[in-house]
Amino acid sequence: MAKAVFPGTFDPPTNGHLDIIARASAAFGEVIVAAGVNQSKSRLFDPDERIAMLTELAEPFPNVRIGTFDGLLVDYCRAEGAGVIVKGLRSAADYDYELQMAQLNHAMTGVDTMFLPTRSENAFISSSWVKEIARLGGDVAAFVPPRVHARLLEKL
Ligand code: PNS
């Protein structure tokens, strides 16, 4: 069965990410959840923390492992022997943005992208908004897995 890469920043992972991990795990033989660790961008959680959170979330799924990449996603996919990129789509805005990346990634190396529609209960969740709400004292417990919530509270 196909090997897929589910890439993202995961700063932090949300319920939406966890849902995509679970569904990709069921659809593909092997899934690598790959955290982009580009140093030029400022993050709330450093790469080790994001990897630790993702490792905890992936525990129930034996065919899922965690990786990191710091260059072109297509190069990472090639190095891992993965022929498919998996992305979650929340909205038409996501689609417009993701379609271009999917087409560029395919044009560069032939790697294909498969989109999974986000479940409606997760469609409005993003890591960026979760961070902002949490920073400003809002309750984000409904938007992230409990262990991520605990780390957010510790961090902020
Ligand atoms: O969770 P995000 O922030 O939406 O993830 C974006 C990510 C890391 C998947 C995307 O920025 C990416 O693929 N970066 C790697 C660099 C790359 O390959 N750029 C060319 C894209 S066509």
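The structure presented is a predicted model; accordingly, all values stated were derived computationally and were not measured. Just follow the structure's listing: the first ligand is 1, and inside any ligand the first atom is 1.
Following chains of ILVMFWY side-chain contacts shorter than 4.5 Å, one cannot reach Val37 starting from Ile32, and the two form parts of different hydrophobic clusters.
Residue contacts with ligand 1 include Gly8, since one of its heavy atoms falls under 4.0 Å from the ligand.
With Asn122 contributing its side chain and Thr118 its backbone, the two residues share no donor-acceptor pair below 3.5 Å.
Residue-ligand proximity, Gly71 to ligand 1, at heavy-atom distances under 4.0 Å covers atoms 15 (C), 16 (C). Within the listing of ligand 1, atoms 22 (S) sit less than 4.0 angstrom from a heavy atom of Asn105.
Electrostatic pairing of Arg50 and Asp46 does not count as a salt bridge here, judged by no charged N lying under 4.0 Å from a carboxylate O. Taking 4.0 Å as the cut-off between side-chain N and carboxylate O, Arg90 and Glu98 do not count as a salt-bridged pair. Residues Glu49 and Lys155 are paired through a salt bridge, judged by an N-O separation under 4.0 Å between the basic side chain and the carboxylate.
Among Asp11, Leu104, Leu72, the residue whose heavy atom lies closest to atom 17 (C) of ligand 1 is Leu72. In the candidate list Glu98, His17, Met101, Met101 is nearest to atom 10 (C) of ligand 1, counting heavy atoms.
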